[in-house]
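To keep things clear, I will list the structure first and then write my remarks on it.
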Amino acid sequence: MFKFLFKRLLVLVPVFFGVTLVAFGFIRALPGDPVEVLAGERGVTPERHAELMAQLGFDKPMWQQYLSYVGDVLQGDLGTSLITNRPVVEEFFELFPATAELGLCAILFAILLGIPAGIIAAVKRGSFVDQGIMSLSLVGYSMPIFWWGLLLIILFSNTLNLTPVSGRLSFLFDVEPVTGFMLVDTLLSDEEGSFWNALHHLVLPSVVLGTIPLAVIARQTRSAMLEVLSEDYVRTAKAKGLSPVRVIAVHALRNAMITVITVIGLQVAVLLAGAILTETIFGWPGIGKWIIFSVFSRDYFAVQGGLLLIAVSVMAVNLIVDLLYGLINPRILH
Amino acid sequence: MTTTTATPSPAATTSQSVRQQQWREFWFYFSASKTAVAGLVFLIGVILVALFADFISPHLPAEQYREFAEIPPAWMEGGQMRFFLGTDYAGRDMLSRIIHGARLSLLAGCIVVLLSASIGIFLGLVAGFKGGWVETIIMRVMDTIMAVPGLLMALVLVALLGPGLLNAMVAIAITYTPSFVRLARASTINEMNRDYVTASRVAGAGPLRLMFISILPNCMAPLIVQGTLSFSTAILDTAALGFLGMGAQAPLPEWGTLIAENRDLMLSAPWTVTFPGIAILLAVLAINLMGDGLRDALDPKLKRS
Amino acid sequence: MKKTLLALSLGLGLAVSGAAQAKTLVFCSEGSPEGFNPSLYSAGTTFDASSQTLFNRLVQFEAGSTKVVPGLAESWTASADGLEYTFKLRKGVKYHTTKDFTPTRDFNADDILFTFNRMWKEDHPYHDVSGGDYKYFGWMSMGDLLKSIEKVDDYTVKFTLNYAEAPFVSNMAMDFASVLSAEYGDVLAASGNKEDIDHKPVGTGPFVFKSYQKDAMIRYTAHDDYWGGRSNIDKLVFAITTDANVRYQKMKAGECHVMPYPNPADVAAMDKDPDINLMRQEGLNVGYLAFNTEKPPFDQKLVRQALNMAINKQSILDVVFKGAGSVAKNPIPPTIWSYNDDVKDYDYDPAKAKAMLAEAGVVGLKTNIWAMPVQRPYNPNARRMAELIQADWAKVGVEAEIVTFEWGEYLKRSKNGEHDTVLLGWTGDNGDPDNFMYVLLGCDAAKSGGNRARWCNEEFDSTLRQAKQITDQAERTALYEKAQVIFKEEAPWVTIAHSVVFKPVRKEVTGFKVHPLGSHIFYDGVDLK
């Protein structure tokens, strides 16, 4: 187990440095000039420009800049946002729970709907239900989610007035951020009704962000189930007269889960990419919205730090999935 | 069951009759799926529309009929037949813009796939064939690209290259490369141990010949499937970048850009946002339907399901 | 209350009425503040969230106008040569009490010295805190202008200038000159948390900072001991909502009372909405297309005039501004004193334009139009605007290519004069005409690049220089009016539009005024019914 973990971590080390190089390289190669952007229409004198560039460390040779950057990173210092003058790490972790909460709800939505749908499709293979589920899942898989989000807003928020338009919680509730997870914080606070309000705000964004994972999970569950259902021991169990529900629940589902967990793990990166679009559309104060704002406003250090932190998050989740996979299926550990 | 991937004799792979045989077999499996055929037919339709956009579209895509701004589609109140799907803020015909947009979206999909597949397959073949430190470097670089979510990586790359359709395509292609590399490498390693490779090696075939003439054709099937999948996601990602303002720039009528430029009319003139989205959805859906059929027809393992 | 919550949980969200016992006003602000110290930042969003709510300045702009009125200074006097300004400070002004700080003394001259020396003196212990880049202090050339700041007594401060600068008092009313607390500075320095001065603000303003959740919400409470009297609003909330569509939807749902920057496309619907009071005012800005007068054929006056005539400005206003703008003929907006209404604009006349181009010997001109990649108050969609100009110019035989760069690059390259024609604009800082004309069209600016037309007209420039030295407003007015006539004749720009600022405000809100400088102020008589 530890050997496996060690091996996986060892592979991650060069990737980590690769990402620092990418983050660093991109930012230096960007055509824009941070000082110029900050000055806007008013402009900046050449002397002041040089002074500010020096303050940012942009006047030193590239390799020196990189070394000092990596040194800082290893000490946990990812630089300071050019816009807010606050440490990037602080900003990231302030916003991270919002994205995590949205992501978890989206994946939960995908699992709760996708796995049963996949199982039903597999069991009723070839039927009208199967075809319906599979066509729908393919539609979901083909969905441009930014458009899907706009469509749902037009429909549910604007025409039917059923869901809030954006944000995480109504201003009416003054909820102290403790964990950063709104569902938890609202339960901890004594603001009556705030939990339901927070949940309400989560519905549309979770559906939008969960659409593609839902489609993938449904399809994967179906094919994994089909594979398992055709295996000998399941057929034997069926032949022995065990109830079909029991056969599916005990034998087939457990084995199909292995495939499905891997798929869920793979969806994390997809989810983070989707979060950029979803958060932009729903005004969700999370990492996705922050990073795209940082890209647009040329907040060099925020992009550099954010890129690294997001990559590390993805790597961490993949590692956890690998370990989980190993726990369920010990063969791959060796 | 004979399949395209497992034709053993190296001499036979080049012969005409085997190819025909393979093709017939492929078509047999592919045409078994009605949805796949439907997808193919629709896609061919879209391609024809894109090719003949100049003849089909009722107006020029950039022609501004300023006195007819924000006219609803023909079947709605106030709509006009000459602007069948309505007009946008400057009075440009939505239908014509969407028709011309098909060109850009399909082109973007093609170029992304061609770029990422050719680079990816080449690197994958090299990695699988050479092994050693070459392989390590290639694979670690690919891991690095994969560590950052695709859209974010593309966004940052476009920020670097400057917004625009061409740069968006290049950026997306880069983020798609790793999957081709991995696939090509895995297949290469797989094929390397087979007899026919050993045979041609003994016969003195050079490494390039081995890579491209012997090994590559035998691991085409999964690559074709991956290419189709990439084609549809490339259209989606190009549109997403366009939507974020980092892809094709107005007045180019790329579908995602159309949604972005009309987003502030989302409530007052919803058709300007709805139809480009439907266009994206249908095109991507058609490609995915076809892709499913292709995979079933090409991949023997999945044929059972 | 229960009923309200039910409505909320159904998402109907008419929560506004539920908060009747404590008056809560919600402002759907357009973005996150950069921080909470206006001297470090430049965005209006930041100023709304800091200088206008939490702080005061020596002098301030009167609500709804650009007139300068007493603030923390009760009165001020200028010496005859215009080099010395003496401010008499207000007594009994209380600072905010927050979680981290309880003031032990009232506001006095030390706070003024602390505030300005921090920005000015490089050896000040707070100078380098939070990056030490004091944007407006630099842009207004305060460093060159100031000779000394002296504390005469606890309630008198004297500013001495290096040269006469008529707009100085107006500068003191600008957001960057917001007065901090020297005592808070000492406390934070002692505990080693200097940065907190910019992120956990303490001021003298009408509201006290309570909490900030990044990208989501800022909360304030009324300052009970405010020197101008306690605000009618008990709680003020900034609900950060970056998308204009969403702001409008929230407003319709009653989730916010006031919103800035509506979508031009939604303005007509807002006007019809019985729950919304749509306020409007000309913005203090100008959007323009500058010809690079160093590059032929734009060095010819005739060509510049012809291309002016070739553009259908009204159509641009209809399509790009959706009516939320007015055609500009002068480089300054009509809300600024000395606006010359006698100046006649070039009429839209493509036939004449074509003839004039021919007369100038310009045939088959190929050029470019630079369109900026960002949305600005003076130009909601530069791309769209460029497309329209491109189409208009095509009709007179000028073929223009639209060029765009990312924002920083755009500013830099246009400053270097790489463009043929460039779209840009300006938003006024202090309501003085000098702040438009000298900064954008003076010969100094042509050298430094701020003058995107790279246009240096001796007569125009000397008129402006003369106006800078005089403090008498009537004399200055005459000079600026003359300058505008020269400008129009020479046509270094196509003056396109001044935006009209729309402020949708819900009917429950009373006493809200639209501020010409663009700030949002929730004091000064603002109340909820």
Side-chain angles (χ1 to χ4, degrees), chain A residues 30-46 48 52 55 80 82-86 91 94-95 98 153 156-158 161-174 176-177 192-193 196-197 199-201 280-286 289-290 293 296-298, chain C residues 1 4-6 8-13 15 18-19 24 26 32-35 40-42 130-133 135 138-139 195 198-199 211 213-217 219 237 239-243 245-246 249-250 253 255-256 374 376 405-409 411-412 415 424-427 439 448-450:
Chain A
L30 275 176
D33 171 330
V35 173
E36 207 71 49
V37 171
L38 289 173
E41 287 94 337
R42 279 165 190 84
V44 56
T45 62
R48 184 79 186 128
L52 289 171
Q55 221 175 66
T80 311
L82 283 174
I83 304 242
T84 64
N85 294 322
R86 286 180 57 213
E91 302 221 306
E94 211 174 300
L95 298 169
I153 289 178
F156 286 97
S157 304
N158 226 69
N161 261 332
L162 281 177
T163 46
V165 179
S166 87
R168 298 178 77 190
L169 187 68
S170 161
F171 69 90
L172 187 69
F173 304 106
D174 189 359
E176 195 74 19
E192 204 186 327
W196 290 110
N197 186 271
L199 202 59
H200 233 96
H201 278 82
T280 306
I281 293 164
F282 288 98
W284 194 263
K289 195 163 161 250
W290 171 73
F293 173 79
F296 277 121
S297 53
R298 285 288 175 276
Chain C
M1 192 66 198
T4 320
L5 290 177
L6 186 70
L8 256 179
S9 64
L10 286 172
L12 298 172
T24 305
V26 184
S32 299
E34 299 151 298
L40 287 163
Y41 305 112
S42 59
S130 300
D133 182 15
K135 307 226 157 56
W139 289 331
E195 259 91 9
D198 303 319
H199 298 294
S211 65
Q213 280 163 268
K214 189 171 165 56
D215 291 348
M217 215 172 269
R219 290 177 181 278
V237 179
I240 298 163
T241 317
T242 41
D243 190 311
N245 292 306
V246 175
Q249 287 159 45
K250 278 190 163 181
E255 288 183 44
C256 54
V374 290
R376 308 301 277 177
F405 295 98
E406 67 84 27
W407 188 218
E409 196 69 2
L411 291 164
K412 195 169 165 180
K415 207 162 84 175
L424 209 63
W426 182 260
T427 304
V439 182
S448 70

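- Heavy atoms closer than 4.5 Å to chain A are found nowhere in C:Ala239, neither backbone nor side chain.
- The two residues C:Val246 and A:Ile281 come nearest to each other via the heavy atoms CG2-O, 4.4 Å.
- Shown here for A:Ile153 and C:Gln249, the closest heavy-atom pair between the two residues is CG2-OE1, 3.5 Å.
- When all heavy atoms of A:Thr84 and C:His199 are compared, the closest pair comes out as O-CE1, 3.3 Å.
- Residue C:Lys250 comes nearest to A:Ser166 through the heavy atom pair CE-OG, 3.6 Å, listed as atom of the first residue, atom of the second, then distance.
- The most heavy-atom pairs under 4.5 Å with chain A, out of C:Gly131, C:Ser130, C:Ala216, come from C:Ser130.
- Looking only at heavy-atom pairs under 4.5 Å with chain C, the residue among A:Leu169, A:Leu199, A:Asp174 that has the most is A:Asp174.
- Highest contact tally toward chain A, considering only C:Leu40, C:Val237, C:Leu424, C:Thr242, is held by C:Thr242 [criterion: heavy-atom pairs under 4.5 Å].
- Two residues are said to be in side-chain contact when any heavy atoms from C-beta on lie closer than 4.5 Å; A:Asn85 and C:Glu195 fail this criterion.
- Among C:Glu34, C:Lys415, C:Lys135, C:Arg219, the residue making the largest number of heavy-atom pairs under 4.5 Å with chain A is C:Arg219.
- Side-chain contact between A:Pro177 and C:Gln213 is present, with heavy atoms from C-beta onward closer than 4.5 Å.
- Between A:Lys289 and C:Asp215, none of the side-chain N atoms (NZ, or NE/NH1/NH2) sits under 4.0 Å from a carboxylate O, so this pair counts as no salt bridge.
- Chain C forms more heavy-atom pairs under 4.5 Å with one residue of A:Leu95, A:Thr280, A:Leu82 than with any other, namely A:Leu95.
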